[in-house]
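Everything on this sheet refers to the single structure shown next.
Computation of the quantities below employed the complete heavy-atom set of this structure, encompassing side-chain atoms and omitting hydrogens, waters and symmetry-equivalent molecules. Values in this document were obtained by computation on a predicted structure and should not be read as measured data.
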Amino acid sequence: MVLLADSATVSLVQSVDWLAVAPPLIAAVAALVVLVADLFLPAGRKNVLGGITVGGLLLAGLALIPLHGDNRSTFCLTGGSHTCSYEADRFTLVLQLLVLGGALLTALLSATTVREQELPAGEYWFLLLSSAAGAALLPASRDLATLVVALEVASLPAFALVGLRRGDRRSSEAALKFFLSSVTATAVTLLGVSFVYAATGTLHLTDVAHSLAAVDPRLAVLARTGVVLTLVGFAFKTAAVPFHFWVPDAYAGAPLPVAGYLSVVGKAVGFTGISLVTVVAFPSYSDVWGPALAVLAALTMTVGNVAALRQRPDRRLSAVRLLAWSSVGQAGYLLVPLAAAGYGNEPGHAVGSTVAYALMYAAVNLGAFAVAVLVGRTAPRHRVDDYRGLYARNPLAAFALAFFLLCLAGLPPGVIGLFAKVTVFSAAVDAGLGWLAAVMAVNVVIALYYYLQWTAFLFRPAGDVEVANAEAATARVPRSLAAAIGLAAVAGIVLSGAPQLVLRYASGALL
């Protein structure tokens with residue numbers, strides 16, 4: 001009996017694949033190093049913490065290289081289905097690259113902001129690394145419990161970052177709205193997950209899929225309710241309409257690098273969660289989530305683009321709010337392939353379209369925020385009007401922002417933006433969602449107006465605005481900020497050079 005007990009105990013022991021978990025683990029360790037170092041560094045040496053953050057994110061990104069071309073898994077069940085809680089497959093690697101790259105660009109943007117706005121450096125860098133670690137863990141999560149934990153690790157530090165400007169009423173209000181929406185989303189998600197667990201008796205995504213396909217008829221309503229509530233919870237995270245109310249105020253109240261981080265990494269977290277629970281865990285309920293996501297996509301892109309169109313160039317914070325509403329509209333485009341996955345026979349290809357679009361969006365949107373940080377150093381009101389005549393003051397910044405805006409609009413020379421929109425449009429048509437493709441086409445036309453208007457401002461004579469911001473012509477651009485703009489531009493150009501390769505690599509990565 002003792003031997004049998006020992007044998008059973010040994011069978012439950014499993015080794016950890018440290019290489020597979022290295023990317024989020026390195027980010028988490030870097031966060032702890034920053035937290036401890038902050039206790040001992042004098043006030044004049046706090047800039048070292050930014051260097052540790054950048055170094056940690058670079059190491060986490062480099063840890064993806066040995067994982068390329070190899071599917072690895074760990075934290076697996078030792079009996080039954082032998083499913084795993086952590087998988088480092090192609091889907092995971094692409095999204096971890098997006099998350100860690102986005103966090104790295106945010107760190108480069110933040111170096112100047114932390115110093116000039118006198119933000120608490122230790123807390124800022126620790127929270128950024130902690131959020132990045134959770135966001136990097138999420139795409140590898142293959143059970144509902146790990147998924148929810150990763151989601152919260154990514155989200156909770158983020159709303160603390162939004163409210164880090166102490167004494168700023170707008171920042172505190174933004175953090176409160178973001179916090180309340182996050183808590184609501186978490187509560188709804190946990191309720192949905194508990195219903196799914198009650199109906200299936202498992203939390204692992206593939207096991208949930210098998211159980212839901214043959215669920216007891218007496219538990220069918222419970223299972224369907226759980227599916228709907230889980231999707232609603234993730235819809236909060238993606239800022240899909242009508243769960244978007246926190247976005248404009250959160251972006252306007254947060255430090256600009258944090259707003260850029262939320263617009264890219266925050267959205268990547270939400271869309272990754274939706275992709276995993278719909279395509280992997282709930283494929284048998286595609287008749288529920290497919291139409292729901294299609295309606296959410298249409299509402300989200302329409303509300304976002306119409307609200308962005310209504311931003312007045314002379315209004316305070318109009319540039320930030322335009323980017324905020326633009327990100328809501330872009331979220332609608334990202335939802336289109338996920339909705340198409342519920343109708344088509346190749347859900348992996350549809351999810352790949354979302355991943356490819358997300359890669360494009362991450363690079364160019366963070367680039368736009370990087371130029372906004374640069375302009376905001378001499379124009380703290382963050383108006384679109386402040387960009388008039390930017391070409392005369394800083395030609396490179398003007399050309400970079402024009403490239404980013406044209407990519408977001410889907411116009412040449414931003415080839416990757418055009419290709420991404422065509423890919424998303426094709427996914428809707430192939431799935432038989434002609435009405436959704438028509439709604440998307442109308443929204444693309446609407447978005448062209450405000451993107452092109454902002455682009456035109458860059459090359460117009462600025463008049464009084466140029467005089468007021470004359471010091472910008474001679475102001476030295478911080479190296480970290482210049483590096484962030486340059487990296488975003490290079491990423492956009494590289495993606496534009498090989499859009500088919502991006503889509504081919506992303507397609508089928510999940511299934």
>> Determine whether Tyr124 and Thr53 satisfy the following criterion, side-chain hydrogen bond (donor to acceptor under 3.5 Å, both in side chains), listing intermediate values before the conclusion.
In response: CA-CA 10 Å; Tyr124 187 96; Thr53 301; over 6 Å; no
> In terms of side-chain heavy atoms, does Lys237 have a donor or acceptor partner in Ser181 at a distance below 3.5 Å?
Replying inline: no
> Do side-chain atoms of Ser182 reach the backbone of Phe179 as a donor and acceptor pair under 3.5 angstrom?
Replying inline: no
>> To the nearest 0.5 Å, what is the distance between CG on Leu127 and CG on Leu119?
In response: 11.0 Å
>> Applying side chain to side chain contact (heavy atoms under 4.5 Å, CB included), can you list everything that pairs with Ala135, at least two apart in sequence or on another chain?
In response: Val99, Ala154, Val265, Val269
>> Would you say that Arg142 contacts Asp89 through its side chain, given a criterion of any heavy-atom pair below 4.5 Å between the two side chains?
In response: yes
> Which heavy atom in Val208 sits nearest to a heavy atom in Phe282, and how many Å separate them?
Replying inline: CG1-CE2, 4.0 Å
>> Any side-chain to backbone donor/acceptor pair from Tyr86 onto Ala20? Under 3.5 Å, distance only.
In response: yes
>> With a 3.5 Å distance limit and no angle check, can you tell me whether Thr92 reaches the backbone of Glu87 through a side-chain donor-acceptor pair?
In response: yes
>> Can you confirm whether Phe91 sits close enough to Val351 that some side-chain heavy atom of one is under 4.5 Å from a side-chain heavy atom of the other?
In response: yes
> Does any donor atom in the side chain of Tyr261 or Ser110 lie under 3.5 Å from an acceptor atom in the other side chain?
Replying inline: no
>> If the test is side chain to side chain contact (heavy atoms under 4.5 Å, CB included), which one of Leu144, Val279, Asp143, Thr146 qualifies with Leu205?
In response: Leu144
> Does Lys46 reach the main-chain N or O of Leu41 with its side chain, forming a donor-acceptor pair under 3.5 Å?
Replying inline: yes
> Within the distance-only criterion (no hydrogens, no angle test), does the side chain of Trp125 pair as donor or acceptor with the backbone N or O of Val34 below 3.5 angstrom?
Replying inline: no
>> Just so I know, are the side chains of Arg72 and Leu67 near enough to count as touching, which here means a heavy-atom distance under 4.5 Å?
In response: yes
> Would you call Leu276 and Leu147 a side-chain contact if the rule is heavy atoms closer than 4.5 Å?
Replying inline: yes
> Between Val373 and Thr113, is any pair of side-chain heavy atoms under 4.5 Å apart?
Replying inline: yes
>> Please check this pair: side chain of Ser131 against backbone of Leu128, looking for a donor-acceptor N/O pair closer than 3.5 Å.
In response: no
>> Would you say that Leu98 contacts Val264 through its side chain, given a criterion of any heavy-atom pair below 4.5 Å between the two side chains?
In response: yes
> Is there a donor-acceptor pair closer than 3.5 Å between any side-chain N or O of Arg165 and the backbone N or O of Val162?
Replying inline: no
>> Angle between ring planes, Trp246 versus Phe178, binned at 30° and 60°: parallel, tilted or perpendicular?
In response: parallel
> Nearest heavy-atom pair of Leu64 and Pro23: which atoms, and what distance?
Replying inline: CD2-CG, 3.5 Å
>> As an exercise, state the distance from CG of Leu191 to CG of Leu229, rounded to the nearest 0.5 Å.
In response: 5.0 Å
